[in-house]
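Chain letters run A, B, ... following the sequence lines, proteins first and then strands; every chain starts at 1. Note that the structure is a prediction, hence the values are computed from the model and not measured.
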Amino acid sequence: MTLRDATGTPAPGSPPRTPDTGVEVSLGGPLPTATGRRRYRPGSLEIFGVVLLVAILFRGPLEGLLARPVLQSWSTVFVAICVQATPFLVLGVVVSGAIAAFVPASVFTRVMPDRPALAVPVAGVCGVALPGCECGSVPIANRLIERGVRPSAALAFLLSAPAINPIVLVATAVAFTSEPMMVWARLIAGLLTAVIVGWIWERIGRPEWMKPQRRVGGGADGQSGWRVFLSTMLGDFTQAAGFLVIGAAAAATFKTVVPARIMESIGSSLFLSIGLMAGLAFILALCSEADAFVAASFSTIPVVGKLVFLTVGPAVDVKLFAMQVGVFGRKFAARFAPLTFGVAVTVGTVVGLLFWGW
Amino acid sequence: MNKETQSIVVALLGGLLVSITLSGRFTSYVKPGFAPLLLIGGGVLVVVGVLSLIVAIRADVLADRRAKAGRPPASNPSTAPVAGRTAAAGHIEGVHAAAVHNSAVDNGAVDAAAPVVTPPADDPFAHGHDHDRSRAPWLILLPVLVLLLVAPPALGADAVARNASSQALAGVEVVSRADSSSKDGSGGGGGYKFNDGSGSAEDSSGSRRTMHFPPLAEGANPPVGMKDFILRALYDVDNSVQNTPVTVTGFIAPPGQGYPAGYTIARMVISCCAADANPMQLHVDGSAPLPANTWVDAVISLVPNTATMDNGYVPTVTVTSLAPVQQPEDPYEH
């Protein structure tokens with residue numbers, strides 16, 4: 001939240017201040033003025049206090065509102081998604097913070113191949129090493145770009161890590177006991193999606209689509225490594241978690257509003273089911289470690305449709321989209337998400353048909 | 001949101017995760033296996049939040065002291081603490097940078113709205129990007145407040161109706177996993193392929209598909225999981241739950257689709273969190289003896305051949321006894 005005028009009221013959507021008055025004050029910022037007198041300005045800490053106070057005072061009505069069955073289901077699902085995703089996001093920002101603080105950029109330029117045609121698949125395969133789900137890989141990919149890794153390669157990592165890491169593959173094997181090929185199909189489809197999107201991005205991607213990087217130093221600028229570690233974690237977490245909340249709210253809304261019976265009416269047609277599963281994967285925003293169980297339970301859907309669900313889900317969903325808006329910027333997400341969606345659906349369908357036939 | 005507030009919010013969220021885990025409330029949202037993850041994740045957040053708060057306050061105090069010492073205003077002392085990181089990385093924390101960042105974050109305000117402060121396109125890193133001014137962190141308060149003040153309960157009767165789909169079924173594979181000795185049907189070696197896309201409990205010739213289940217527990221009215229009961233009702237070649245009364249634990253819900261009257265004993269099944277919840281339902285004729293969402297231990301036996309395509313394979317049961325109980329520690333089955 002930004003305080004940009006003297007009254008202290010946040011002004012959403014107001015044009016940026018002109019430089020001469022745009023002094024930003026943070027903590028209740030009493031500004032020493034020319035006369036030495038201090039003017040009171042409520043900072044975010046005060047606003048935070050007021051929000052808490054209001055929430056506590058209006059707890060009764062708030063509870064009454066959320067006691068309605070629909071809203072109760074909604075808030076349970078909403079909280080569930082937030083609670084479930086947070087540990088993985090923490091893992092992601094710890095890795096991101098460690099990269100920022102302790103791994104000099106030169107490491108990446110040395111390890112990654114120079115040729116983008118090669119760097120993209122290498123980064124994609126590296127995704128195997130991150131045992132998390134999709135929320136954690138967003139801040140890591142952001143940090144990799146900041147460390148000088150090609151965006152296309154970092155994005156390939158972003159897409160592949162949640163789809164092909166060992167935990168996800170084991171979960172898939174457990175969920176699809178009756179369809180052991182699903183693990184391989186998922187591995188191949190996830191990796192292919194990541195690499196193809198990376199290559200395409202190498203051709204069409206433009207740096208100005210991305211939100212400018214926050215610069216954090218790696219010790220060379222005099223800040224201690226631990227300081228950088230800490231501030232990177234805090235910054236990355238609050239930013240990504242804020243947008244995760246938006247995604248969770250959207251997914252909870254879909255989950256509450258869209259009746260599950262939709263599935264049964266469509267099962268028979270292959271292409272309808274592929275479209276349906278791709279759409280569901282986007283709006284349900286399941287954790288990639290859980291989506292295999294859900295896919296397996298769609299009993300009426302052909303197996304190709306399930307593979308599409310498992311390919312699209314970790315690559316792009318409403319929660320990831322919100323987080324990408326927050327971390328990389330709106331211009332980026334508006335281009336990257338549809339591209340990923342299209343590639344993931346195509347790759348999932350083709351790989352599925354290769355594995356299981358028409 | 002400035003760094004101090006961010007730190008507090010992060011520590012609050014972390015503390016809340018730890019507290020719902022320790023109090024057991026977290027099982028309303030995620031499966032019990034998440035406990036260690038939540039404890040570690042929450043613990044890390046608390047530590048990060050507290051340490052960041054200390055660092056931020058110390059920087060603030062230092063800056064305050066410097067300001068009192070009468071440094072020239074050009075160094076902009078009051079912004080120095082929060083901008084320290086950016087400045088340290090070689091940026092002068094200019095108002096220009098702040099304005100550009102804000103325009104990117106504001107709803108509706110695009111960069112083009114501020115042509116004066118847009119940096120040259122050939123220098124993408126010209127303007128600092130400081131998360132301290134982002135508005136996104138405020139959103140973290142939403143789940144925090146919902147958890148803190150309202151504490152939504154586990155999914156109940158409302159979600160049953162909302163999420164119901166064919167029970168024939170959701171996870172036949174899971175059963176064959178629990179009972180990998182099952183050699184019946186087309187599976188062989190543990191894999192059992194009911195998921196042929198028809199969503200029906202009958203095979204193409206219309207006869208019932210069957211498989212073997214492990215014997216029920218010893219004693220009178222042995223406890224059976226709701227999901228286990230339904231799978232046995234649909235597929236058990238020995239008809240175990242039809243001949244022996246068993247005890248299931250669930251909650252009361254309105255009658256499901258295809259049943260005009262009566263009531264439902266239901267339980268949600270989740271594989272990860274409440275977002276993937278799937279209801280398991282048993283139908284009972286007669287009027288509900290208890291209000292919806294009451295948890296009960298019910299001694300029941302299956303009425304054969306009541307689960308059909310039309311009612312979403314919700315079998316009818318006869319209830320011998322029905323006793324209200326506390327909500328189980330884990331309200332969901334898995």
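When heavy atoms are compared at a cutoff of 4.5 Å, A:Phe48 approaches chain B by way of both its backbone and its side chain. Interface remark: B:Leu12 contributes side-chain atoms only to the contact with chain A (heavy atom separation under 4.5 Å). For B:Leu13, the part sitting under 4.5 Å from any heavy atom of chain A is the side chain, from C-beta outward, and nothing else. For a residue to count as touching a neighbouring chain, one of its non-hydrogen atoms must lie under 4.5 Å from one of that chain's; by this rule B:Leu37 touches chain A with backbone and side chain alike. For chain B, the nearby parts of A:Val70 are the backbone and the side chain; heavy atoms of each come within less than 4.5 Å. Looking at A:Thr86, only its side chain comes within 4.5 Å of chain B, counting heavy atoms on both sides. B:Ile8 touches chain A through its side chain: at least one heavy atom from C-beta onward sits under 4.5 Å away, while N, CA, C and O do not.
Separation of atoms CG (B:Leu145) and CZ (A:Arg59) is listed at 11.0 Å; rounding is to 0.5 Å. Distance CG/B:Leu149 to CZ/A:Phe58: 12.5 Å, rounded to 0.5 Å. To the nearest 0.5 angstrom, A:Asp291 atom CG is 9.5 Å from B:Asp276 atom CG. In this structure, CD on B:Gln6 lies 3.5 Å from OG1 on A:Thr238, to the nearest 0.5 angstrom. Separating the CG atom in B:Asp158 from the CZ atom in A:Arg68 is a distance of 11.5 Å, to the nearest 0.5 Å. In this structure, A:Trp226 CH2 and B:Leu51 CG are separated by 10.0 Å, a value rounded to the nearest 0.5 Å.
Per-residue heavy-atom pair counts under 4.5 Å with chain B were compared for A:Ala252, A:Gly305, A:Ala241, A:Pro69, and the maximum is reached by A:Pro69. The residue among A:Val94, A:Leu230, A:Ile81 with the most heavy atom pairs within less than 4.5 Å of chain B is A:Leu230. Ranked by heavy-atom pairs under 4.5 Å with chain B, the first of A:Val245, A:Leu71, A:Ile246 is A:Val245. Taking chain B as the reference chain and counting heavy-atom pairs below 4.5 Å, the highest number among A:Val77, A:Val303, A:Val51, A:Val79 is found for A:Val79.
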* **Candidate pair B:Ser7 and A:Leu234, rule side chain to side chain contact (heavy atoms under 4.5 Å, CB included), full reasoning** => CA-CA 7 Å; B:Ser7 313; A:Leu234 184 73; 3.8 Å; yes
* To do: Start with the C-alpha gap between A:Ile47 and B:Trp138, add the side-chain angles, then the distance that decides, and say whether side chain to side chain contact (heavy atoms under 4.5 Å, CB included) holds.
  => CA-CA 10 Å; A:Ile47 297 173; B:Trp138 285 103; 3.7 Å; yes
* Asked: Where do A:Val83 and B:Phe34 land on the side chain to side chain contact (heavy atoms under 4.5 Å, CB included) test, with the steps shown first?
  -> CA-CA 10 Å; A:Val83 166; B:Phe34 258 87; over 6 Å; no
* **Worked check of side chain to side chain contact (heavy atoms under 4.5 Å, CB included) between B:Val48 and A:Val93** => CA-CA 11 Å; B:Val48 168; A:Val93 300; over 6 Å; no
